Amino acid sequence: MSTLEKIQKVMRVFMTLAKIGMVLAYVAAALLLAGAGSLAAGDLADKVPLLGSFADTAGVNGSQAIWLLIATAVSALFGAVLLTLLYRYFRAELADGTPFTVTGAEKVKRLGISAMVLSFVSMCLTDAIYERIGLSAFNNFDNAGGITLGIGLILFSLVLKYGAELESKA
(Lines give C-alpha, C1' and ligand atoms only; values in the text may rest on other atoms or scores of the structure.)
Protein backbone atom coordinates (compact mmCIF):
# COMPACT_ATOMS: atom_id res chain seq x y z
CA MET A 1 0.00 0.00 0.00
CA SER A 2 1.45 3.36 -1.04
CA THR A 3 1.69 6.38 1.23
CA LEU A 4 -0.94 8.19 -0.84
CA GLU A 5 -3.36 5.27 -0.36
CA LYS A 6 -2.75 5.42 3.40
CA ILE A 7 -3.38 9.18 3.39
CA GLN A 8 -6.63 8.65 1.48
CA LYS A 9 -7.77 6.00 3.97
CA VAL A 10 -7.05 8.37 6.86
CA MET A 11 -8.92 11.15 5.03
CA ARG A 12 -11.95 8.87 4.64
CA VAL A 13 -11.88 8.13 8.37
CA PHE A 14 -11.60 11.84 9.20
CA MET A 15 -14.39 12.64 6.76
CA THR A 16 -16.63 10.10 8.49
CA LEU A 17 -15.74 11.46 11.92
CA ALA A 18 -16.36 15.03 10.76
CA LYS A 19 -19.76 14.03 9.38
CA ILE A 20 -20.73 12.28 12.62
CA GLY A 21 -19.56 15.25 14.69
CA MET A 22 -21.37 17.65 12.37
CA VAL A 23 -24.66 15.80 12.68
CA LEU A 24 -24.32 15.48 16.46
CA ALA A 25 -23.48 19.17 16.82
CA TYR A 26 -26.51 20.25 14.76
CA VAL A 27 -28.72 17.90 16.76
CA ALA A 28 -27.29 19.21 20.04
CA ALA A 29 -27.89 22.82 18.98
CA ALA A 30 -31.46 22.00 17.99
CA LEU A 31 -32.15 20.15 21.24
CA LEU A 32 -30.65 22.97 23.30
CA LEU A 33 -32.77 25.54 21.51
CA ALA A 34 -35.86 23.33 21.88
CA GLY A 35 -35.10 22.98 25.58
CA ALA A 36 -34.71 26.75 25.92
CA GLY A 37 -38.01 27.28 24.11
CA SER A 38 -39.75 24.71 26.25
CA LEU A 39 -38.31 26.22 29.39
CA ALA A 40 -39.45 29.67 28.24
CA ALA A 41 -42.94 28.30 27.59
CA GLY A 42 -42.98 27.08 31.18
CA ASP A 43 -43.98 23.49 30.56
CA LEU A 44 -40.61 21.83 31.07
CA ALA A 45 -39.65 22.99 34.55
CA ASP A 46 -42.57 21.15 36.14
CA LYS A 47 -41.86 17.88 34.32
CA VAL A 48 -38.09 17.81 34.92
CA PRO A 49 -37.25 18.10 38.63
CA LEU A 50 -33.54 18.24 37.79
CA LEU A 51 -34.02 21.78 36.52
CA GLY A 52 -35.24 22.89 39.93
CA SER A 53 -32.25 21.33 41.66
CA PHE A 54 -29.94 22.91 39.08
CA ALA A 55 -31.40 26.32 39.84
CA ASP A 56 -31.06 25.69 43.59
CA THR A 57 -27.47 24.39 43.58
CA ALA A 58 -26.00 26.67 40.90
CA GLY A 59 -27.95 29.74 41.94
CA VAL A 60 -29.39 30.13 38.45
CA ASN A 61 -32.96 31.28 37.94
CA GLY A 62 -35.25 30.15 35.13
CA SER A 63 -34.48 33.09 32.85
CA GLN A 64 -30.76 32.57 33.27
CA ALA A 65 -31.14 28.84 32.55
CA ILE A 66 -32.87 29.67 29.27
CA TRP A 67 -30.02 31.97 28.27
CA LEU A 68 -27.43 29.37 29.33
CA LEU A 69 -29.06 26.88 26.98
CA ILE A 70 -29.05 29.46 24.19
CA ALA A 71 -25.37 30.27 24.77
CA THR A 72 -24.48 26.60 24.65
CA ALA A 73 -26.58 26.18 21.50
CA VAL A 74 -24.69 29.06 19.87
CA SER A 75 -21.40 27.38 20.70
CA ALA A 76 -22.63 24.04 19.35
CA LEU A 77 -23.94 25.69 16.19
CA PHE A 78 -20.64 27.38 15.43
CA GLY A 79 -18.87 24.06 16.04
CA ALA A 80 -21.28 22.40 13.63
CA VAL A 81 -20.56 25.00 10.96
CA LEU A 82 -16.83 24.43 11.35
CA LEU A 83 -17.31 20.65 11.12
CA THR A 84 -19.41 21.17 7.98
CA LEU A 85 -16.56 23.11 6.37
CA LEU A 86 -14.12 20.41 7.44
CA TYR A 87 -16.35 17.68 6.00
CA ARG A 88 -16.57 19.56 2.70
CA TYR A 89 -12.78 19.80 2.55
CA PHE A 90 -12.33 16.06 3.14
CA ARG A 91 -14.94 15.27 0.48
CA ALA A 92 -13.19 17.56 -2.04
CA GLU A 93 -9.78 16.14 -1.18
CA LEU A 94 -10.98 12.58 -1.72
CA ALA A 95 -12.47 13.62 -5.08
CA ASP A 96 -9.12 15.17 -6.09
CA GLY A 97 -7.29 11.98 -5.11
CA THR A 98 -4.47 13.81 -3.35
CA PRO A 99 -4.16 16.47 -0.68
CA PHE A 100 -1.27 18.07 -2.58
CA THR A 101 -3.13 20.48 -4.84
CA VAL A 102 -2.99 24.26 -4.87
CA THR A 103 -6.79 24.48 -4.53
CA GLY A 104 -6.70 22.01 -1.64
CA ALA A 105 -4.03 24.09 0.10
CA GLU A 106 -6.16 27.22 -0.37
CA LYS A 107 -9.19 25.40 1.06
CA VAL A 108 -7.20 24.38 4.13
CA LYS A 109 -5.97 27.97 4.57
CA ARG A 110 -9.56 29.27 4.32
CA LEU A 111 -10.59 26.56 6.78
CA GLY A 112 -7.94 27.79 9.22
CA ILE A 113 -9.10 31.37 8.88
CA SER A 114 -12.72 30.24 9.28
CA ALA A 115 -11.81 28.31 12.44
CA MET A 116 -10.32 31.44 13.98
CA VAL A 117 -13.17 33.74 12.91
CA LEU A 118 -15.96 31.33 13.90
CA SER A 119 -14.31 30.68 17.25
CA PHE A 120 -13.93 34.40 17.92
CA VAL A 121 -17.53 35.23 16.93
CA SER A 122 -18.87 32.31 18.97
CA MET A 123 -16.89 33.46 21.98
CA CYS A 124 -18.11 37.05 21.59
CA LEU A 125 -21.74 35.95 21.38
CA THR A 126 -21.54 33.61 24.36
CA ASP A 127 -19.66 36.24 26.38
CA ALA A 128 -22.37 38.77 25.55
CA ILE A 129 -25.09 36.35 26.65
CA TYR A 130 -23.32 35.54 29.92
CA GLU A 131 -22.74 39.23 30.56
CA ARG A 132 -26.41 39.99 29.83
CA ILE A 133 -27.64 37.52 32.42
CA GLY A 134 -25.04 38.47 35.02
CA LEU A 135 -23.17 35.18 35.01
CA SER A 136 -19.89 36.20 33.43
CA ALA A 137 -18.02 34.41 36.23
CA PHE A 138 -19.61 31.11 35.04
CA ASN A 139 -18.45 31.56 31.45
CA ASN A 140 -15.98 28.85 30.48
CA PHE A 141 -16.02 29.56 26.74
CA ASP A 142 -12.80 30.73 25.15
CA ASN A 143 -11.40 30.75 21.66
CA ALA A 144 -7.92 29.38 22.35
CA GLY A 145 -8.74 26.04 20.72
CA GLY A 146 -10.13 27.67 17.61
CA ILE A 147 -7.18 30.02 17.28
CA THR A 148 -4.72 27.15 17.76
CA LEU A 149 -6.59 24.99 15.24
CA GLY A 150 -6.68 27.87 12.77
CA ILE A 151 -2.95 28.52 13.04
CA GLY A 152 -2.25 24.80 12.67
CA LEU A 153 -4.42 24.57 9.56
CA ILE A 154 -2.77 27.62 7.99
CA LEU A 155 0.67 26.10 8.61
CA PHE A 156 -0.56 22.76 7.24
CA SER A 157 -1.79 24.57 4.11
CA LEU A 158 1.77 25.74 3.49
CA VAL A 159 2.97 22.12 3.63
CA LEU A 160 0.22 21.10 1.19
CA LYS A 161 1.10 23.97 -1.14
CA TYR A 162 4.76 22.97 -1.06
CA GLY A 163 3.78 19.38 -1.86
CA ALA A 164 1.66 20.61 -4.79
CA GLU A 165 4.61 22.61 -6.09
CA LEU A 166 6.85 19.54 -5.85
CA GLU A 167 4.28 17.43 -7.71
CA SER A 168 3.98 20.00 -10.49
CA LYS A 169 7.79 20.05 -10.92
CA ALA A 170 7.86 16.24 -11.15
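Worth saying up front: this structure is predicted, and the values here are computed from it rather than measured.
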Minimum heavy-atom separation for [X] and [Y], please, with both atom names.
X      : Y      : result
Leu69  : Gly35  : CD1-C, 3.8 Å
Gly163 : Phe100 : CA-CD2, 3.6 Å
Ile133 : Gln64  : O-NE2, 2.8 Å
Met1   : Lys6   : SD-CG, 3.4 Å
Pro99  : Met11  : CB-CE, 4.3 Å
Ala76  : Ala25  : O-CB, 3.8 Å

[Y] reachable from [X] in the ILVMFWY side-chain graph, under 4.5 Å edges:
X     : Y      : result
Phe90 : Ile20  : no
Ile7  : Phe14  : yes
Leu86 : Ile113 : yes
Val13 : Tyr87  : yes
Leu85 : Leu17  : yes

Exercise for the section: Return yes when atom CD of Glu131 has more than 12 non-hydrogen atoms of other residues, nucleotides or ligands closer than 6.0 Å, and no otherwise. Expected result: no

Practice task
Kindly check if the number of other-residue, nucleotide or ligand heavy atoms within 6.0 Å of OH (Tyr26) is above 12?
Solution key: yes

How long is the straight-line distance from [atom2] of [Y] back to [atom1] of [X], given to the nearest 0.5 Å?
X      : Y      : atom1 : atom2 : value
Leu77  : Leu33  : CG    : CG    : 7.5 Å
Leu160 : Glu165 : CG    : CD    : 11.5 Å
Phe120 : Asp127 : CZ    : CG    : 9.0 Å
Ser75  : Leu32  : OG    : CG    : 9.5 Å

Exercise for the section: List, by chain and then residue number, the residues other than Tyr162 in its hydrophobic cluster (Ile/Leu/Val/Met/Phe/Trp/Tyr, side-chain heavy atoms under 4.5 Å); write none if there are no others. Expected result: Leu166

Handout entry: Connected-component partners of Val102 among ILVMFWY, side-chain separation under 4.5 Å
Key = none

Problem - For Lys109, salt bridge (Lys or Arg N to Asp or Glu O under 4.0 Å) partners two or more places apart - result: Glu106

Handout entry: Verdict with reasoning, Val81 to Met22, per side chain to side chain contact (heavy atoms under 4.5 Å, CB included)
Key = CA-CA 8 Å; Val81 169; Met22 174 185 71; over 6 Å; no

Exercise for the section: Please step through side chain to side chain contact (heavy atoms under 4.5 Å, CB included) for the pair Arg91 and Lys19, ending with a clear verdict. Expected result: CA-CA 10 Å; Arg91 195 174 62 198; Lys19 188 173 188 178; over 6 Å; no

Exercise for the section: Say whether, by atom type as modelled, one donor and one acceptor occur between the side chain of Thr126 and the main chain of Ser122 under 3.5 angstrom. Expected result: yes

Exercise for the section: Without swapping roles, check the side chain of Ser119 against the backbone of Met116 for a donor-acceptor pair under 3.5 Å. Expected result: no

Fill in the blank from the handout: Residues at least two apart in sequence or cross-chain that pass side-chain hydrogen bond (donor to acceptor under 3.5 Å, both in side chains) with Ser114, listed by chain then number, are none

Kindly list each side-chain donor-acceptor pair under 3.5 angstrom involving residues 145-159, sequence neighbours excluded, with atom names and distances?
| residue | atom | partner | partner atom | Å |
| --- | --- | --- | --- | --- |
| Thr148 | OG1 | Ala144 | O | 2.7 |
| Ser157 | OG | Ile154 | O | 2.6 |

Practice task
Go through the steps to decide whether Leu111 and Leu82 satisfy the test side chain to side chain contact (heavy atoms under 4.5 Å, CB included), and finish with yes or no.
Solution key: CA-CA 8 Å; Leu111 187 60; Leu82 184 60; 4.2 Å; yes

Exercise for the section: Could you list the residues that satisfy side chain to side chain contact (heavy atoms under 4.5 Å, CB included) with Ser2, not counting sequence neighbours? Expected result: Leu4, Glu5

Practice task
Please tell me if the side chains of Glu93 and Gln8 come closer than 4.5 Å, counting only heavy atoms from C-beta onward.
Solution key: yes

